[in-house]
Protein chains: 2
Amino acid sequence: MIKMSTKGRYGTRLMLQLAHHYGDKGQAVILRSVAENETISIRYLEQIIIPLKVSKLVKSIRGAGGGYSLARPPDQIKISEILHTLEGSCCLVECIEDEDFCPRKPYCATFEIWNKATQLLKGYFDNLTLQDVVEIDRKKKKAKPK
Amino acid sequence: MIKMSTKGRYGTRLMLQLAHHYGDKGQAVILRSVAENETISIRYLEQIIIPLKVSKLVKSIRGAGGGYSLARPPDQIKISEILHTLEGSCCLVECIEDEDFCPRKPYCATFEIWNKATQLLKGYFDNLTLQDVVEIDRKKKKAKPK
DNA sequence: CCGTTTTCAACATAATTTTATAGATTTTAT
DNA sequence: ATAAAATCTATAAAATTATGTTGAAAACGG
Ligand code: FES
Ligand code: FES
């Protein structure tokens with residue numbers, strides 16, 4: 001299975017929750033509510049949000065009334081940024097990003113096909129913003145209100 | 001990192017080796033030579049080739065002079081078949097294939113985006129045969145003979 | 001101003017899956 | 001018989017996934 005790690009998936013859902021509350025002035029979202037909405041352990045979300053904070057995709061406010069919020073408007077956050085932060089990259093194989101990872105590159109045909117597949121994915125996630133996903137979400141909920 | 005598992009990658013390289021020798025009448029390829037050529041542990045290759053045998057992508061001949069060979073001509077083996085066999089599927093998330101995996105599906109916006117990304121990948125690997133990769137390989141080696 | 005609550009933050013640990021290696025056994029051609 | 005090769009079973013190492021425990025900062029009520 002060419003699978004996304006849970007970090008990438010959970011992290012995107014986390015960001016989507018924050019995106020939904022973006023603009024609700026002063027209202028940061030607390031991890032516990034995300035954890036409940038998405039049925040993901042708080043502890044695990046805490047680990048996931050650290051890199052998102054480091055890479056300046058989210059801001060944190062400590063203490064009572066605190067929580068997390070997006071650092072930028074959702075239409076200025078690409079899905080590829082989230083994945084790059086949480087998964088290290090969007091590459092299917094290390095060889096693509098890391099020059100020294102694999103000495104086989106110059107004569108490895110499979111490199112070509114993983115590379116091309118990676119470009120497909122990258123292209124898709126580079127042109128998809130959190131705002132796009134928010135809209136998909138709203139549309140989906142509208143179609144199935146109950 | 002949306003990464004392929006080593007099984008998918010090593011397995012494709014293994015199949016590529018077999019493809020190169022397809023047609024060399026009577027000459028099955030032994031795992032040890034694959035292991036040497038690709039610098040992958042024999043024991044690990046043994047584990048990888050089992051599902052390939054089960055799904056009838058390769059044939060084995062036991063005993064001295066034995067080895068493995070493709071069960072079909074390389075132009076009739078899609079890369080997607082190999083990946084499906086070794087990775088369980090080409091899906092980025094389980095939710096896509098496994099109906100019951102995730103109850104969130106009806107109201108999960110991220111499902112839509114993983115699904116679309118998966119279709120991109122699937123489309124690519126469905127239209128790519130082992131023969132295609134063999135040709136890429138030959139071309140690459142020709143361009144860089146030494 | 002002080003203590004309490006709320007929340008993030010940091011650290012440690014456990015469970016699971018993936019990746020990889022090792023050894024002994026069976027099959028078959030010569 | 002012998003050697004070559006797949007096959008089977010077991011196990012070890014590493015990474016991923018997940019949970020638990022405690023500490024520290026900020027807001028708030030009095
Ligand atoms: S496996 Fe690294 S370039 Fe092919
Ligand atoms: S996480 Fe399963 S459908 Fe979205």
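Predicted, not measured: the structure shown is a model, and the values here were computed from it. In what follows, every chain begins at residue 1, and chains take the letters A, B, ... in the order their sequences are listed. Every heavy atom of this structure was used, including side-chain atoms; hydrogens, water molecules and symmetry mates were not.
Between the CG atom of A/L45 and the P atom of D/dG20 there is a distance of 14 Å, rounded to whole Å. Following rounding to the nearest Å, A/E38 (CD) and D/dA18 (P) show an atom-to-atom distance of 14 Å. The CZ atom of A/R13 sits 14 Å away from the P atom of D/dT17 (whole-angstrom rounding). One can place CD1 of B/I61 at 16 Å from C1' of C/dT30, the figure rounded to the nearest angstrom. The interatomic distance linking A/E46 (CD) with C/dC11 (C1') rounds to 11 Å, in whole Å. Taking atom CD1 of B/I42 as the reference point, atom P of C/dT19 lies 20 Å away to the nearest angstrom. As rounded to whole Å, 14 Å separates atom P of C/dT21 from atom CG of B/L31.
Closest to the B/Y44 side chain, of the nucleotides D/dT17, D/dA6, C/dT21, is C/dT21. Minimum atom distance to the side chain of A/R43 is reached by D/dT21, of the listed D/dT21, C/dT28, D/dA18. Distance from the side chain of B/A64 is smallest to D/dA4 among C/dC8, D/dA4, C/dT19. The side chain of A/R62 lies closest to D/dG23 when the candidates are D/dA5, D/dT7, D/dG23. Across C/dT19, C/dT21, C/dA9, the shortest atom-to-atom separation from the side chain of B/K7 is found for C/dT19. For A/T6, the side-chain atoms get nearest to D/dA18 when compared with the rest of D/dA18, C/dC8, C/dA20. Of all nucleotides listed (D/dT7, C/dT28, C/dA9), C/dA9 comes nearest to the side chain of A/Y68. Of the candidate nucleotides C/dT19, C/dT7, C/dA9, C/dA9 has the atom lying nearest to any side-chain atom of A/S60.
Side-chain heavy atoms closer than 4.5 Å link hydrophobic residues (I, L, V, M, F, W, Y) into clusters, and following such links, even through other members, never connects B/I30 to B/V34.
Residue-level contact check: B/K53 touches the backbone only, with heavy atoms under 4.0 Å from sugar-phosphate atoms and none from bases. In this structure, B/I49 reaches neither bases nor backbone, as no heavy-atom distance under 4.0 Å exists between it and the strands shown.
Position along DNA chain C of the nearest nucleotide to A/Q47 versus A/G66 favours A/G66 as the more 5'-ward residue.
Put simply, the side chain of A/R138 does not reach to within 4.5 Å of the side chain of A/E135, judged on heavy atoms.
When the side-chain nitrogen and oxygen atoms of B/K3 are compared with OP1 and OP2 of D/dA15, none of them lie within a distance under 4.0 Å. Regarding contacts with the backbone of C/dA20, every side-chain N or O of B/S41 stays at 4.0 angstrom or more from both OP1 and OP2.
Among A/T85, A/L70, A/L18, the one residue that satisfies the side-chain contact (heavy atoms from CB on, under 4.5 Å) test with A/L52 is A/T85.
Checking B/T129 against B/D75 by side-chain atom types alone, no donor-acceptor pair falls below 3.5 Å.
Note on B/R72 versus B/E81: salt bridge recorded, some NZ/NE/NH1/NH2 to OD/OE distance being below 4.0 Å.
C/dC8 is paired with D/dG23 under the Watson-Crick or G-U wobble criterion, all donor-acceptor distances under 3.5 Å.
The minimum heavy-atom distance between B/Y44 and B/K7, with the atom names listed, is OH-CG, 3.8 Å.
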